[in-house]
Amino acid sequence: MKAMLVTHYGPPEEMELRELPSPKPGANQVLIDVKACGVNFPDVLMLADKYQFKPALPFPVGGEVAGIVRELGEGVSNVKVGDRVAVSIGNGGFAEQVLADSRRIIPVPANVSFEVASAFIVTYGTSYHALKDRARLKAGETLVVLGAAGGVGLSAVELGVAMGAKVIAGASSQEKVDLAIKHGAADGFVYPRLPLSRDQQKALSDTIKAKTDGKGADVLYDPVGDQYAEPALRAMNWEGRYLVIGFAAGEIPKIPLNLTLLKGCDVQGVFWGAFTGRNPKAANEDLRAIMGMISEGKLKPDVSATFSLADSAKAVRLLQDRKAMGKVVVTM
Ligand SMILES: NC(=O)c1ccc[n+]([C@@H]2O[C@H](COP(=O)([O-])OP(=O)(O)OC[C@H]3O[C@@H](n4cnc5c(N)ncnc54)[C@H](OP(=O)(O)O)[C@@H]3O)[C@@H](O)[C@H]2O)c1
């Protein structure tokens with residue numbers, strides 16, 4: 001089987017396509033013929049040796065896959081050979097075959113494509129956990145999403161709408177804001193690229209307040225961080241919840257704590273990967289619920305571009321260059 005390997009840290013174009021032996025499933029594992037692999041920002045970070053989880057070199061990136069079960073390891077009874085499945089695996093998905101823990105697998109209904117099935121687990125799983133378990137978003141509340149046309153951002157828009165919130169989408173271009181509005185956001189705003197002057201930071205706070213009827217965000221979903229974070233926190237409503245999702249813009253922001261005091265608001269960390277490890281049953285139930293909503297057409301993960309395994313560097317490059325809209329997928 002072929003795999004696209006990171007042999008050394010560096011640009012995605014230096015990954016190498018190699019022929020490897022088929023892996024053998026161990027106890028509770030299944031071997032999957034991968035049909036599609038979703039690309040996520042952690043893939044960009046892993047290639048640059050900037051991610052918290054560091055697989056041993058050489059390794060393929062690719063944290064979520066959909067495909068067909070090829071072989072069962074000892075003790076596996078929840079799936080059978082030939083089943084259509086999706087699963088998050090941390091890394092390894094840029095390959096024609098992967099091993100996965102059978103207990104993490106979710107079935108893929110016949111009306112959901114492998115591309116879509118490979119492109120929702122990390123993003124919708126993260127946003128569902130963030131909005132439902134952490135922020136406890138309520139119907140009628142205002143949810144502001146930054147990076148709203150990115151992978152996790154667009155999933156937060158769709159889930160926020162499905163949970164009855166009024167969603168306001170922030171992104172770095174009108175094209176990105178329009179995509180979020182197409183996915184249900186009620187309104188949106190364009191923010192400038194870094195670096196932000198003091199005036200631009202104040203303008204960002206003012207814009208968020210204006211778009212939330214002067215009250216500020218009840219819940220703010222932030223996957224970008226850096227200089228966007230503090231102006232966003234300054235635009236929280238009383239008893240708002242600020243969700244720390246990630247730092248795609250670069251720096252991890254340092255926040256003056258008095259802002260939380262003045263707003264009576266919470267800053268809430270979100271780490272979906274750790275949540276799935278600590279509470280695998282709840283995480284699996286969440287994913288099955290999300291898959292149900294996708295199958296019923298209530299959620300529509302947006303796959304904007306697909307690339308072959310041989311061209312998978314181009315997929316990572318789109319995210320790295322801030323050009324990805326919705327999800328980018330590698331197909332085998
Ligand atoms: N906490 C968790 O459990 C969890 C789970 C999954 C992902 N994450 C994190 O969430 C973040 C987004 O991941 P994703 O997979 O959704 O990535 P993505 O699809 O590439 O989206 C990232 C968004 O960030 C914005 N951005 C701002 N500055 C950027 C820059 N310099 N380079 C690239 N993008 C930039 C872009 O939107 P604009 O251009 O509109 O600003 C882009 O749409 C990452 O930091 C990732 O590590 C966290």
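Atoms within a ligand are numbered from 1 in the order they appear, just like the ligands themselves.
When every heavy atom of Ala100 is checked against every heavy atom of Ile89, the shortest pair comes out as CB-CG2, 4.0 Å.
Taking 4.0 Å as the cut-off between side-chain N and carboxylate O, Asp302 and Lys327 do not count as a salt-bridged pair. Between Asp311 and Lys314 there is a salt bridge, with a side-chain nitrogen of the basic residue lying less than 4.0 Å from a carboxylate oxygen of the acidic one.
Among Ala274, Ser172, Gly269, Pro192, the residue whose heavy atom lies nearest to atom 40 (O) of ligand 1 is Ser172. Between the choices Val328, Asp321, Ile245, Thr276, the shortest heavy-atom distance to atom 48 (C) of ligand 1 belongs to Ile245. Of the candidates Tyr191, Tyr228, Tyr221, it is Tyr191 that places a heavy atom closest to atom 41 (O) of ligand 1.
Looking at ligand 1, you'll find an N or O of Lys176 within less than 3.5 Å of one of its N or O atoms. Inclusion of Phe41 in the set of residues having an N or O under 3.5 Å from an N or O of ligand 1 is warranted. Residue Gly151 has at least one nitrogen or oxygen atom sitting less than 3.5 Å from a nitrogen or oxygen atom of ligand 1, judged on distance alone. When only interatomic distances are considered, the shortest N/O to N/O separation between Leu45 and ligand 1 does not fall below 3.5 Å. Every N/O-N/O distance between Gly147 and ligand 1 stays at or above 3.5 Å.
Here Val152 has heavy atoms under 4.0 Å from ligand 1 in both its backbone and its side chain. Contacts between Val44 and ligand 1 below 4.0 angstrom, taking non-hydrogen atoms only, are absent altogether. With a 4.0 Å cut-off on non-hydrogen atoms, Leu319 touches ligand 1 through its backbone as well as its side chain.
For the salt bridge (charged side-chain N to carboxylate O under 4.0 Å, His left out) test, residues two or more places apart in sequence or in another chain that qualify with Asp187 are Lys211. In terms of the side-chain contact (heavy atoms from CB on, under 4.5 Å) criterion, residue partners of Glu285 (sequence neighbours excluded) are, by chain and number, Lys281.
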Derivation and outcome, side chain to side chain donor-acceptor pair (under 3.5 Å), residues Tyr191 and Gln200: CA-CA 9 Å; Tyr191 50 68; Gln200 284 174 317; over 6 Å; no
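Using a 4.0 angstrom heavy-atom cutoff, Thr123 does not count as in contact with ligand 1.
Counting heavy atoms from C-beta outward, Val270 and Val244 have side chains that stay 4.5 Å or more apart.
Nearest protein heavy-atom neighbour of atom 30 (C) of ligand 1: Ala248 O, 3.2 Å.
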